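Working notes, beginning with the structure itself.
Every chain is numbered from 1 and lettered A, B, ... according to where its sequence line falls, protein lines coming before strand lines. Note that the coordinates shown come from a computational prediction; the quantities given were computed from them, not determined experimentally. Only this structure's heavy atoms are used, side chains among them; waters, hydrogens and symmetry mates stay out.
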Protein chains: 2
Amino acid sequence: MKDLREDRDAWSMANCSIAKALEIVGNRTAMLIMREALFGTRRFDDFARRVGIGEPAAAARLKELTAAGLLERVPYQEPGQRTRYAYQLTQKGRDFRAVIVALRQWGDTWAADEAGPPVVVRHENCGAPVHAVLRCDNGHDVQPGESFIDAGPGLIRVAADSPDSSGG
Amino acid sequence: MKDLREDRDAWSMANCSIAKALEIVGNRTAMLIMREALFGTRRFDDFARRVGIGEPAAAARLKELTAAGLLERVPYQEPGQRTRYAYQLTQKGRDFRAVIVALRQWGDTWAADEAGPPVVVRHENCGAPVHAVLRCDNGHDVQPGESFIDAGPGLIRVAADSPDSSGG
DNA sequence: CAGCTGACTTACGATTCCATAAGTCAGCAG
DNA sequence: CTGCTGACTTATGGAATCGTAAGTCAGCTG
């Protein structure tokens with residue numbers, strides 16, 4: 001159980017989960033669309049207006065997020081209106097909540113202006129603010145510095161002086 | 001304590017913490033550099049090689065992250081070598097760990113290939129895998145759907161049919 | 001003081017991403 | 001069958017970002 005950080009060049013992040021995630025949501029607008037989706041936005045032009053982007057950008061991101069399975073395009077019909085399509089979170093998309101919460105929390109702490117954060121997420125049952133914390137499978141809270149990096153099943157080891165120990 | 005999502009157009013995300021955070025780390029390479037920094041990388045060309053980007057991109061991102069206060073450029077000297085500079089995490093940067101953990105966790109669950117994730121973060125004391133969970137200030141675990149959005153001190157309310165209820 | 005090396009910077013062209021503006025398309029209302 | 005509206009697509013041009021390749025700069029070594 002040696003910490004892999006001690007010999008960082010002996011392994012590759014070619015199949016890094018973070019990099020794979022960022023291929024889907026690795027740009028500002030995709031993240032902000034996920035923020036809006038988690039805030040309850042469903043309709044095309046609401047996404048564009050509330051995120052503050054143009055329609056082509058909204059269409060492109062919504063298409064990518066739908067293709068990646070974070071959103072699904074479902075028909076709906078308001079009385080006296082024709083059938084339209086809404087973008088609804090899938091389980092994969094709902095699971096993304098932790099990322100948005102962590103990002104909002106970091107932004108609230110380190111990047112908010114003097115006025116403070118615009119919104120607070122609260123626990124339904126007790127009203128207390130919600131935040132993201134690190135915990136291990138045994139239920140212990142994990143403080144900064146109390147973790148180490150271990151090999152996962154998909155780890156790719158490389159020769160120590162291989163020209164390609166890189167990965168994205 | 002009405003959920004703000006019920007009237008999403010009555011308030012603006014102009015000073016959104018998520019958007020502010022994304023102005024610093026809202027691109028793929030900045031996120032991957034933060035990943036590497038949290039994995040222990042300190043030196044310029046290690047960042048470039050391990051992230052898999054060119055030197056100009058590495059220089060630009062490291063400069064931005066340093067200017068934003070997530071990293072600091074500190075001198076170091078190896079025996080018999082001249083003084084060089086390393087990029088070290090600040091508290092602001094270390095706090096970003098939760099975002100990277102949430103992103104990795106989501107990627108492990110939803111975007112990993114058959115081989116599985118390359119690395120596992122484990123709790124130092126007990127060896128169990130670490131993950132990000134949502135918790136409220138009263139110590140309750142927050143399950144999906146058990147939270148609502150409340151006004152924060154920086155909330156900007158807008159007229160219901162204002163042309164600019166947007167924000168990024 | 002010349003060579004060497006790590007840490008950058010500059011130059012360049014390709015690609016991606018974006019906003020604005022205009023056009024398309026479907027189907028209910030009249 | 002025309003008007004209207006929401007949900008897009010197409011066209012165009014500008015800005016950001018990227019990789020490759022080459023150049024610069026500082027300071028220890030010899």
Side-chain angles (χ1 to χ4, degrees), chain A residues 9 19 22-34 36-37 41-68 71-88 161 163-164 166-168, chain B residues 8-9 19 22-34 36-37 41-68 71-88 161 163-168:
Chain A
D9 278 325
L22 291 175
E23 271 159 40
I24 304 168
V25 290
N27 60 72
R28 213 182 93 93
T29 46
M31 282 278 190
L32 291 174
I33 282 179
M34 288 308 294
E36 278 307 320
T41 298
R42 292 288 117 97
R43 285 169 48 169
F44 178 83
D45 57 349
D46 285 339
F47 276 112
R49 186 170 37 81
R50 290 171 184 171
V51 173
I53 60 178
E55 291 176 349
R61 293 314 134 239
L62 287 169
K63 197 164 286 186
E64 287 167 12
L65 291 168
T66 302
L71 301 175
E72 57 186 347
R73 198 161 164 273
V74 297
Y76 73 99
Q77 192 160 19
E78 289 178 358
Q81 294 290 111
R82 53 181 276 224
T83 301
R84 305 203 184 280
Y85 292 89
Y87 295 89
Q88 206 168 74
D161 56 345
D164 180 21
S166 73
Chain B
R8 173 65 184 85
D9 278 326
L22 291 174
E23 271 160 39
I24 304 169
V25 291
N27 59 71
R28 213 182 94 91
T29 46
M31 283 278 190
L32 291 174
I33 283 180
M34 288 308 294
E36 278 307 320
T41 298
R42 292 287 118 97
R43 286 168 49 168
F44 179 84
D45 56 351
D46 285 338
F47 277 113
R49 186 170 36 82
R50 292 172 184 168
V51 172
I53 60 179
E55 291 176 349
R61 291 317 130 239
L62 287 169
K63 198 164 287 187
E64 287 168 11
L65 291 168
T66 302
L71 301 176
E72 58 187 346
R73 199 161 163 273
V74 296
Y76 74 98
Q77 191 161 18
E78 290 179 358
Q81 294 289 111
R82 54 182 274 226
T83 302
R84 304 203 185 279
Y85 291 90
Y87 295 89
Q88 207 168 72
D161 55 346
D164 180 22
S165 56
S166 72

Sorted by position of nearest nucleotide on DNA chain C, 5' first, the leading residue of A30(A) and T83(A) is A30(A)

Of the candidates dT10(D), dA7(C), dC8(C), the side chain of P56(A) sits closest to dT10(D)

Exercise for review: With heavy atoms under 4.0 Å as the rule, sort Y76(A) into base, sugar-phosphate or nothing.
Suggested key: sugar-phosphate

From the candidates dA7(D), dC8(D), dC18(C), the one with an atom nearest any side-chain atom of R43(A) is dA7(D)

Of the listed dC18(D), dA7(D), dT20(D), the closest approach to the A57(B) side chain comes from dC18(D)

Here the distance between atom P of dT15(C) and atom CG of N27(B), to the nearest Å, is 20 Å

Comparing nearest nucleotides in DNA chain D, the 5'-proximal residue of the pair F44(A), A60(B) is F44(A)

Rounded to whole Å, CZ of R61(A) lies from P of dT16(C) at a distance of 12 Å

When rounded to whole Å, the CD to C1' distance for the pair E64(B) and dA16(D) reads 10 Å

Go through the steps for R50(B) and D9(A) under the test salt bridge (Lys or Arg N to Asp or Glu O under 4.0 Å), then give the verdict. CA-CA 8 Å; R50(B) 292 172 184 168; D9(A) 278 325; 3.1 Å; yes

Here the distance between atom P of dC18(C) and atom NZ of K63(A), to the nearest Å, is 15 Å

R49(B) atom CZ is separated from dT5(C) atom P, nearest whole Å, by 16 Å

From CD of E23(A) across to P of dT16(C) the rounded distance in Å is 13 Å

Would you tell me whether R43(A) and Y76(A) have side-chain atoms, one donor and one acceptor, within less than 3.5 Å of each other? yes

Picking from dT9(D), dT5(D), dC8(C), the nucleotide nearest the side-chain atoms of R84(A) would be dT5(D)

**Message:** Looking at dC18(C), I'd like to know if its phosphate oxygens (OP1 or OP2) sit under 4.0 Å from a side-chain N or O belonging to T29(A).
**Reply:** yes

Review point. So, does R28(A) use its side chain to make a donor-acceptor pair with the main chain of E23(B) at under 3.5 Å?
Key: no

When rounded to whole Å, the OH to C1' distance for the pair Y85(A) and dT5(D) reads 17 Å

Rounded to the nearest 0.5 Å, the OH atom of Y87(A) sits from the CZ atom of R73(A) at a distance of 5.0 Å

Item to check | T66(B) side chain to L62(B) backbone, donor-acceptor under 3.5 Å | outcome: yes

Per atom distances to the D45(A) side chain, the nearest of dC18(C), dG6(D), dT9(D) is dG6(D)

note: L65(B), atom CG; dT17(D), atom P; distance rounded to Å ~ 12 Å

From the candidates dT9(C), dA19(C), dC8(D), the one with an atom nearest any side-chain atom of E55(B) is dT9(C)

